[in-house]
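The structure follows.
Quick note: residue numbers are just sequence positions, from 1.
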Amino acid sequence: MTENDNIKRSKGKFDPVTETRDWSMAATEDHCKRIARNTGKRLIEIIDIEDDILPIVCIFEDYKDE
């Protein structure tokens, strides 16, 4: 993506057992954004694990109270 959306992007391994943040698997970055919008969470990181079926891990956090 070329837009500046303040989402951290990385590649590599992902360990669901040790991950303490809210996460979900997705097929594309757009699916991550849709999940965030539908759940009312903020998408903070996208990890490309280069898997065949669901290659993207989406990391979310709650919006801060303003």
**Request:** Give the cluster check for I7 versus I59: same hydrophobic cluster or not, with ILVMFWY residues linked at side-chain heavy-atom distances below 4.5 Å.
**Result:**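 In one cluster with I7: I59, no.
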**Item:** Minimal non-hydrogen separation, F60 against S24, with atom names
**Value:**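 Result for this residue pair: CE1-CB, 3.8 Å.
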**Prompt:** For the residue pair R9 and K33, what are the closest heavy atoms and their distance?
**Reply:**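 Heavy-atom minimum between the residues: NH2-NZ, 4.4 Å.
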**Message:** So E19 and V17, do their side chains get closer than 4.5 Å, heavy atoms only?
**Reply:**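 The answer is no, as the side chains (C-beta and beyond) never meet within the 4.5 Å cut-off.
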**Item:** Sequence neighbours excluded - disulfide bond (SG atoms under 2.5 Å apart) pairs with any residue from residues 12-48
**Value:**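 Sorted result for residues 12-48: C32-C58.
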**Asked** Taking 4.0 angstrom as the limit, do D22 and K41 come out as a salt bridge?
**Response**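 Yes.
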Could you give the side-chain donor-acceptor pairs of residues 44-57 under 3.5 Å, partners two or more places apart or in another chain?
| from | atom 1 | to | atom 2 | distance (Å) |
| --- | --- | --- | --- | --- |
| E45 | OE1 | R21 | NH1 | 3.2 |
| E45 | OE1 | R21 | NH2 | 3.2 |
| E45 | OE2 | S10 | OG | 3.2 |
| D48 | OD1 | E50 | N | 2.9 |
| D51 | OD2 | I53 | N | 3.1 |

**Prompt:** Looking at CZ of R34 and CG of L43, how far apart are the two atoms once the value is rounded to the nearest 0.5 Å?
**Reply:**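 It is 13.0 Å, given to the nearest 0.5 Å.
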**Nearest-0.5 Å distance, CG of residue N38 to NE2 of residue H31** =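 These two atoms lie 11.0 Å from each other.
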